[in-house]
Structure formats: structure tokens, C-alpha cells
> 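This is the structure I want to talk about, given as C-alpha cells.
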Amino acid sequence: MVRCKGGKNMNLKKLMNDFLQDYLNQNKIKFSEWSININNQVGFGDYSSNIALKLANVLKKTPIEIAKNIANHPNVSENIFSLSASKPGFVNFHVSNNYYLEILKQIISESENFGKKIKLNKSANVEFVSSNPTGPLTVGHGRQAILGDMVSNILTWSGYDVTREYYYNDAGKQMRVLAESCYAKYAQQIGKDVKMPENGYVGTYLDEIAEKIVYKYGKDLESDDPIFRDLTEKEIFSNIKNTLDSIGIKFDVFTKEGTFYKNGAIDNVLKTLEEKNLSYEKDGAVWFKTSSLDKGEDKVLVKSTGEPTYRLPDIAYHADKIDRGFDLIVDIFGADHIDTYPDVILGLKCLDKKTDHIKVVIHQFVTIKKGGEVVKMSTRKANFITLDELKEKLNPDIIRYFFIMRGANSHLDFDLDLAKDESEKNPVYYLQYANARISNLLKRYDLEISAKNDINYSLLKEKDEIALAKLLSEFPSKMEDVLHSLEPRKIATYLEEVASAYHKFYGNHKVINPQNADLSLARKKLCEATKIILTNGLSILGISAPERM
RNA sequence: GCCCCGGUAGCUCAGCUGGAUAGAGCAACGGAUUUCUAAUCCGUAGGUCACAGGUUCGAAUCCUGUCCGGGGUACCA
């Protein structure tokens with residue numbers, strides 16, 4: 001069982017469930033098909049359950065009749081919530097203000113640990129970006145990088161020991177073409193007429209590398225000199241690392257595809273599949289008998305050229321990750337993997353590997369608009385907008401927020417021309433502003449109020465105050481949801497609600513009032529708790545929480 | 001061909017493990033500033049939740065079909 005700091009809020013739901021269960025027990029009813037939902041609209045209590053609506057069929061009574069019965073059932077938690085029934089048959093829970101104010105104390109005492117799970121002794125591996133070093137990172141990779149980083153943060157927050165992993169192909173055809181392209185650029189620079197290879201890389205970043213090679217190694221290199229491959233990979237990879245570093249993303253492990261050729265893992269996969277009669281040769285290629293496993297058409301594992309397709313090394317790589325013993329394996333993939341990752345999972349199953357603990361997060365692509373036109377991005381054709389270019393225009397907080405403003409499953413339209421304009425309307429400022437306001441207020445408070453009283457939380461009874469406290473109390477259960485969905489956007493949405501509730505409270509009520517030091521203190525504590533939640537949430541998103549703006 | 005995603009206010013999108021009156025930002029209009037930071041707040045206006053069936057006490061949410069838009073994919077990864 002997971003122990004959770006800030007768990008009182010989860011106890012709230014448990015108490016409500018216990019109450020309903022007690023009603024069922026007392027009336028000797030066996031039933032478990034109910035839910036308890038939070039109410040955002042006012043008028044029907046803080047939470048409500050559909051239990052009476054669901055029971056109507058079973059008990060052959062009207063829902064409202066059952067709901068009224070339940071609401072009149074003896075309530076051992078009456079100091080925490082009271083009950084009512086409403087049409088057509090909801091059971092409503094009205095939580096006492098006191099409960100929320102208790103949570104405020106807890107937030108303040110636990111501070112940066114509020115809502116955080118203590119160490120679980122569980123490990124997770126998050127693989128993301130995994131872009132081959134054939135060119136600079138584009139805004140498309142940016143989405144994946146930010147998403148993966150935030151997912152990692154969410155897991156860390158939830159008690160996992162997280163390994164961030166970058167996997168790349170240093171051995172395949174693309175790298176060979178890249179080296180040939182680099183040689184062609186090199187040759188052109190020293191006046192030789194060498195054609196670009198078919199489907200070669202034409203980006204200007206290669207010109208710079210070729211130039212460097214001329215400068216460092218002279219003009220006499222042959223086309224097959226390993227320097228073209230090695231230096232290109234090294235240069236581009238170091239560029240990639242710098243870019244990631246500049247938006248605050250670091251990896252723990254870099255794994256090269258070549259490893260699995262060298263250590264025989266790929267041969268072993270092929271051997272095992274062959275032994276199990278799950279592969280065969282046709283037209284000079286090796287095929288994976290996916291059709292016999294009821295998964296569509298057979299897929300190629302090794303091309304007739306002798307080179308494996310993406311699937312084969314990826315199966316070997318995932319088998320390796322599984323063997324490393326992680327409790328959770330997360331793959332962040334772009335939409336281009338939608339078709340292929342099921343083959344990889346299937347391959348792993350064929351190797352008798354456990355796969356239940358693999359979670360795949362697929363995100364849709366970023367489409368770029370340049371001069372009003374949608375641009376199809378291709379690294380090879382040098383038709384892209386780099387993450388570095390983006391960074392020149394926008395600060396990292398904005399970039400991070402921009403990429404998670406849409407759910408992973410939605411396409412993200414990116415209009416570079418408008419990026420800066422839009423950034424000024426970016427909600428991230430709204431959150432940061434709330435935090436800066438609080439910071440300033442806390443400073444002022446110490447200057448203007450010197451009285452040292454005991455804190456009397458029960459002075460907080462205004463609607464805006466309770467609404468804010470209630471929202472703050474929901475943070476731990478919100479993080480539970482997020483752990484399940486691995487969708488950072490939900491944190492952002494929650495924080496926007498918190499900021500909004502705070503701005504509203506701030507606008508309607510004066511915190512610092514020397515004439516009423518007791519109330520001032522209670523309100524100050526509410527501000528402190530809000531700041532803690534905002535700071536904690538923003539830290540999971542990797543976004544700064546400036547003290548002043 | 002096969003697969004994935006989307007269609008909700010003028011625009012950009014939340015809400016989708018079914019719940020009560022569908023929300024927010026931007027844009028528009030009106031108001032609040034000798035301010036604890038106006039990067040804010042309050043108010044007005046704005047809707048056939050693409051369409052049609054189905055499931056049920058109840059559907060934006062689930063199922064089926066259709067239409068429209070975006071994307072992926074075939075021995076590139």
C-alpha cells in the first residue's frame with residue numbers, strides 16, 4: 001500500500017465511502033457499484049454519490065427515497081461532513097470548513113513535501129527524445145523532451161527512483177547516409193565535384209561540420225574516412241545535449257543501438273524467434289510471423305539488404321530494459337511509432353518477457369506554420385525549425401508551458417511568427433504572477449504587522465477563502481490522477497484554477513490589516529499555503545516560480 | 001489499404017473511467033486603480049457539444065455508422 005503525505009484528503013473520500021458501506025452493512029445489502037464525485041457547482045454540497053440511483057433497480061424503490069434514507073443514516077463522521085439528498089437521487093456530502101482549514105495547517109507544516117509520496121523503493125525508466133544524431137533537435141522533439149521530462153518529474157514526485165534514458169541509433173543506414181552527406185559537403189568545400197547521396201542531408205549544420213573537418217584534418221581525406229561519421233555524430237550529439245541542457249533537461253543514461261549488435265542480443269532475439277517457429281525467410285528478408293499471433297500482417301525484421309528494421313533492435317533494447325529490473329518502464333513516443341510499438345511488445349511477449357509494466361505515452365506531432373503556411377518537417381531536407389531558434393525567441397518557462405498546453409493526444413499547431421505574441425498571453429505568467437504577488441505580500445506583512453498572536457484558522461470563513469482552501473486540499477488527489485494518466489497538462493490546469501481562486505480572494509479581501517491582526521495572520525497563512533502549492537506544482541513542471549515580476 | 005488523433009462559444013482549447021445549470025483564456029462591450037503588485041478583479045454578451053442511431057434513471061462523455069479536418073504507415077527509423 002502506498003503511504004502518502006498529505007493523505008488526509010484521501011481519507012476524506014475514504015470516510016465517505018465508509019459511511020456508505022456502513023449503511024449497506026446495516027441494511028444487509030451487497031453492492032459496490034457506486035462512485036463519489038467532487039462537485040464544482042455550488043448548491044449540492046462538496047461531493048456527491050450516485051449510490052441511490054444505482055441501488056434503485058436492486059432495491060425496487062425510488063432513488064430519492066433511498067437517498068433520503070442514506071442521508072438519515074447515523075454518521076460517525078458528522079464533525080467532518082453532513083449529508084443531504086436531492087433529486088433525482090443524489091446523496092450529497094457537505095464538508096465542514098474546519099476540515100479544509102485543518103489541511104491548511106498540514107500544507108504549511110509539510111511544505112515542499114505536501115502531497116509528495118515518500119520513497120517507494122520502486123524504480124522507473126523513462127525513455128524519451130531518443131532522436132538519432134542526424135541533425136539539430138526540432139520543435140517536434142521539443143514537445144517530446146518536455147513531456148518526457150515532466151513525466152519523469154511526476155514519477156519522482158510519486159516516489160519512484162527514475163532513470164531518464166536516451167536511446168539512439170549509431171549504427172544504421174541513416175548514420176551512414178549522414179556521413180556520406182558530410183563527405184559530399186566536405187568535397188564541395190575543397191572544390192571537388194561530389195554529388196549528394198540520394199536522400200542525403202542538406203542542412204547547413206553539416207556545412208559547418210565539413211568546414212571544421214577541412215580546418216582540422218586538411219583536404220586529403222578519402223570518402224570512407226571514419227572521421228566523417230565519428231565527428232558528425234560527436235558534433236551533432238553535443239549540440240543536442242546543449243540544447244536539452246538549455247531547457248533544463250538532463251539524461252542519466254545514453255544507450256546506443258550498436259551495443260545490441262556487439263553483445264549478441266539481436267542475434268539472440270532472431271534465434272529465439274526462429275526456434276519458436278515465429279519467423280521465416282522470404283524474398284531474402286526475415287519476417288516476423290505476427291499473423292500467426294492474430295496481429296495483422298507479417299512484419300519484416302531483417303531487410304533483404306541484411307539490415308534489420310527498426311523493430312528488431314528495439315525488441316532487443318526493450319528486453320534489456322526489462323532485464324534491468326525496473327518496476328515501471330515508460331516509453332514516450334511520437335505518432336510515428338503508433339504502428340510499430342505493438343510489434344515490439346508482441347516480440348517481447350514471444351521472448352517470454354513480462355510486459356505489463358510498460359506504459360507507452362504517444363503524443364501527436366507538432367505542425368509548424370511559417371508565414372501562414374503549414375510546413376512539413378523533415379530533418380533530411382533541412383525543412384525544420386530548431387529548438388534553439390525557439391529558445392532565442394522565448395524563455396524556457398514559456399516553452400515548457402507551451403508544449404503541454406495541449407494534451408499529448410492533440411495536434412499542436414505552432415505558428416512561429418505568433419509564438420512571441422502569444423507568449424505574452426501565456427497562462428504561465430498568470431501562475432507566476434500569483435506567486436509573485438504572494439511573495440511581495442509576505443514581505444510587506446512582516447513590515448506592517450509586528451504582533452505575534454496565535455493562529456486562529458477559524459477566522460477564515462469568507463466564500464473566497466474557503467473555496468481557495470478547498471482547492472488547495474485537492475492537490476494530493478490531483479497528483480494521484482496525474483500519476484495514472486501521466487498527463488502533465490492536468491497539473492497546469494489545476495494550477496490555473498488555484499491561481500484564479502487566489503487572485504479572486506486577493507481582489508476581494510485585504511490580507512494585511514493592522515486593525516485586525518488575528519484575521520491578518522490567518523489570511524497570511526492561507527497565502528503561504530497557496531504559495532506552497534503553486535511552487536510544488538510548478539517545480540514538477542520544471543517551471544520557475546519568481547518572487548517578483 | 002491499414003492505423004492513430006481531432007470536431008465543444010467568433011478564435012485557441014478544457015471537460016471524456018457516464019451525473020445535476022457544458023467551462024476557461026483570447027477577441028468584443030461595460031465597470032473597478034490615492035492598490036497588500038491592474039501581468040489582476042467584477043459584470044455583459046456569446047452554444048444544435050459535427051451528424052444520425054443505440055445503450056440507460058441520466059450521454060459532450062460509452063457503442064455503431066456517416067461526414068469533415070489533421071497525422072502516421074508499406075523492407076527508413
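Convention: sequence-line order gives letters A, B, ...; per-chain numbering from 1. On a predicted model such as this, the values are computed, not experimentally measured, just so you know. Worth knowing before you read on, the calculation uses all heavy atoms, side chains too, and leaves out hydrogens, waters and symmetry mates.
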> Would you please name every residue forming a salt bridge (charged side-chain N to carboxylate O under 4.0 Å, His left out) with A:Arg400, sequence neighbours left out?
A:Asp149
> Contact class for A:Pro308 (heavy atom, under 4.0 Å): base, sugar-phosphate, or nothing?
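Sugar-phosphate, backbone atoms only, no base.
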> Check whether A:Gln144 reaches the backbone of A:Val129 with its side chain - one donor and one acceptor, N or O, closer than 3.5 Å.
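Checking the backbone N and O of A:Val129 against the side chain of A:Gln144, a donor-acceptor pair under 3.5 Å is found.
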> Which heavy atom of A:Ile315 sits nearest to which heavy atom of A:Leu348, and what is that distance?
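What the structure gives for the nearest pair is O-CD2, 3.5 Å.
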> Look at the side chain of A:Phe44 and decide which nucleotide, out of B:C75, B:G15, B:A20, has an atom nearest to it.
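So the side chain of A:Phe44 is nearest to B:A20.
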> Which atom names give the shortest non-hydrogen contact between A:Ala517 and A:Ile449, and what distance separates them?
CB-CG2, 4.5 Å
> Looking at A:Lys68, I want to see if its NZ is surrounded by more than 12 non-hydrogen atoms of other residues, nucleotides or ligands under 6.0 Å.
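12 or below, so no.
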> Quick one: A:Asp343 CG to B:C75 C1', roughly how many Å, whole number?
13 Å
> Quick one about A:Asp298 and A:Tyr280 (side-chain donor to acceptor, distance below 3.5 Å, no hydrogens or angles considered), yes or no?
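Judged by distance alone, the side chains do pair up.
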> At 4.0 Å (heavy atoms only), tell me whether A:Asn92 reaches a base, stays on the sugar-phosphate, or touches nothing.
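Result for A:Asn92 = base.
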> Look at the side chain of A:Ser304 and the backbone N and O of A:Gly284, then say whether any donor-acceptor pair between them is shorter than 3.5 Å.
no
> With 3.5 Å as the limit, what N/O pairs link the protein to nucleotides 5-8 of chain B?
from, atom 1, to, atom 2, distance (Å)
B:C5, O4', A:Gln364, NE2, 3.4
B:C5, O2', A:Asn409, O, 2.4

> For the residue pair A:His337 / A:Tyr310, report whether a side-chain donor-acceptor contact shorter than 3.5 Å exists.
yes
> Assert yes or no for the condition that the ring centre distance of A:Phe237 to A:Phe254 is strictly below 6.0 Å.
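Yes - the distance between ring centres of A:Phe237 and A:Phe254 falls below the 6.0 Å cut-off.
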> Nearest to the side chain of A:Ser304, which nucleotide is it out of B:A77, B:U12, B:C75?
B:C75
> Any chance CD of A:Glu274 has more than 12 other-residue heavy atoms, nucleotides or ligands included, within less than 6.0 Å?
no
> Would you say that A:Ser48 contacts A:Phe93 through its side chain, given a criterion of any heavy-atom pair below 4.5 Å between the two side chains?
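No - every pair of side-chain heavy atoms lies 4.5 Å or more apart.
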> On RNA chain B, does the nearest nucleotide to A:Ile512 precede the nearest nucleotide to A:Lys490 from the 5' side, or the other way round? Give the residue.
A:Lys490
> Between B:U61 and B:C16, how far apart are the two P atoms, rounded to whole Å?
13 Å
> Just checking A:Gly284: base, sugar-phosphate only, or nothing, at a heavy-atom cut-off of under 4.0 Å?
nothing
> Taking the C1' atom of each, how far is B:A59 from B:U17, in whole Å?
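B:A59 and B:U17 have their C1' atoms separated by 14 Å.
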> Give the rounded distance in Å between these two atoms: CD of A:Gln144 and P of B:G72.
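Taking CD of A:Gln144 and P of B:G72, I get 15 Å after rounding.
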> Stems in RNA chain B: runs of 3 or more consecutive Watson-Crick or G-U pairs, distances under 3.5 Å?
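For RNA chain B the paired stretches long enough to count as stems (3 pairs minimum) are B:1-7 with B:67-73, B:10-13 with B:23-26, B:28-32 with B:40-44, B:50-54 with B:62-66.
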> Quick one: are A:Leu442 and A:Lys531 in side-chain contact, heavy atoms under 4.5 Å?
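Of all side-chain heavy-atom pairs linking A:Lys531 with A:Leu442, at least one is under 4.5 Å.
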> So which heavy atom on A:Thr134 is nearest to which on A:Leu178, and how close?
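The pair with the smallest heavy-atom distance is O-CD1, 3.5 Å.
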> Using atom C1' of each nucleotide, how far apart are B:G18 and B:A32 to the nearest Å?
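To the nearest whole Å, 42 Å.
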> What nucleotide, of B:A39, B:A14, B:C75, holds the atom closest to the side chain of A:Lys303?
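Closest nucleotide to the A:Lys303 side chain: B:C75.
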> Would you say the ring centroid of A:Phe251 lies under 6.0 angstrom from that of A:Phe128?
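Ring centres of A:Phe128 and A:Phe251 closer than 6.0 Å.
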> Figure out the CZ/C1' separation between A:Arg406 and B:G70, and round it to whole Å.
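For the pair A:Arg406 CZ and B:G70 C1', the rounded distance is 15 Å.
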> Looking at every strand, decide which applies to A:Ala285 at a 4.0 Å heavy-atom threshold: base, sugar-phosphate, or nothing.
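Result for A:Ala285 = base.
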> Within this structure, what is the CD-to-P distance between A:Glu487 and B:U17, rounded to whole angstrom?
13 Å
> Please list each protein N or O that sits under 3.5 Å from an N or O in nucleotides 42-47 of chain B, with the distance.
from, atom 1, to, atom 2, distance (Å)
B:C42, OP1, A:Lys504, NZ, 3.4

> Specify the separation, in whole Å, of atom CG of A:Asn39 and atom P of B:U21.
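A:Asn39 atom CG is separated from B:U21 atom P by 12 Å.
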> Is there a donor in the side chain of A:Ser520 and an acceptor in the side chain of A:Asn513, or the other way round, less than 3.5 Å apart?
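No.
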> Between the base of B:A77 and the side chain of A:Thr309, is one N or O donor paired with an acceptor at under 3.5 angstrom?
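Side chain to base: no pair present.
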> Under 4.0 Å, counting only non-hydrogen atoms across every strand here, what does A:Glu547 touch: a base, just sugar-phosphate, or nothing?
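Result for A:Glu547 = base.
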> Once the angle between the rings of A:Tyr317 and A:Tyr167 is folded into 0 to 90°, is it parallel (under 30°), tilted (30 to 60°) or perpendicular (over 60°)?
parallel
> Please report the distance, rounded to the nearest Å, between NZ in A:Lys282 and P in B:C75.
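That distance rounds to 10 Å.
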> For residues A:Tyr430 and A:His503, establish whether the separation of their ring centroids is below 6.0 Å.
yes
> Can you tell me if A:Phe90 is stacked onto the base of B:A20, using a 5.5 Å centroid cut-off and an angle below 30°?
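A stacking contact exists, since A:Phe90 sits close and nearly parallel to the base ring of B:A20.
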> Return the value, rounded to whole Å, for the distance between atom CG of A:Asn440 and atom C1' of B:A39.
14 Å
> Quote, to the nearest angstrom, the P distance that separates B:A77 from B:C63.
35 Å
> Scan nucleotides 55-60 of chain B against the protein and return all N/O pairs shorter than 3.5 Å with their distances rounded to 0.1 Å.
none

> In whole angstrom, give me the gap between the C1' atoms of B:U34 and B:A24.
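Between the two C1' atoms, the distance is 34 Å.
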> When you check the gap from the basic side-chain N to the acidic O, do A:Lys321 and A:Asp314 get nearer than 4.0 Å?
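The answer is no: the pair does not qualify as a salt bridge.
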> When the P atoms of B:C3 and B:G65 are compared, how many Å lie between them, rounded to an integer?
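Pairwise P distance, B:G65 against B:C3, rounds to 11 Å.
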> Nearest to the A:Ile338 side chain among B:C75, B:A14, B:C4, which nucleotide is it?
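So the nucleotide nearest the side chain must be B:C4.
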> Assess, by modelled atom type and distance only, whether the side chains of A:Asp464 and A:His509 contain a donor and an acceptor separated by less than 3.5 Å.
yes
> Starting at NZ of A:Lys87 and ending at C1' of B:U21, how long is that distance when rounded to a whole Å?
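Value for this atom pair: 16 Å.
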> Considering every strand and a 4.0 Å limit on heavy-atom distances, what is the contact class for A:Asn169: base, sugar-phosphate, or nothing?
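Here A:Asn169 touches the backbone only, sparing every base.
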> Polar pairs (N or O, both sides) under 3.5 Å between protein and nucleotides 24-33 of chain B?
none

> Classify the angle between the aromatic ring planes of A:Phe365 and A:His363 as parallel (below 30°), tilted (30 to 60°) or perpendicular (above 60°).
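Answer is perpendicular, since the angle exceeds 60°.
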> With heavy atoms under 4.0 Å as the rule, sort A:Arg489 into base, sugar-phosphate or nothing.
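Contact class for A:Arg489: sugar-phosphate only.
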> What is the nucleic acid contact for A:Ser48, judged by heavy atoms within less than 4.0 Å: base, sugar-phosphate only, or nothing?
base
> Can you tell me how far P in B:G10 sits from the matching atom in B:U48, rounded to whole Å?
8 Å
> Checking all strands, does A:His509 fall into the base, sugar-phosphate, or nothing category for heavy-atom contacts under 4.0 angstrom?
base
> Provide the distance between the two C1' atoms, one in B:U44 and one in B:A9, to the nearest whole Å.
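That atom pair is separated by 15 Å.
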> Categorize A:Thr305 for me: base, sugar-phosphate, or nothing, with a 4.0 angstrom heavy-atom threshold over every strand shown.
nothing
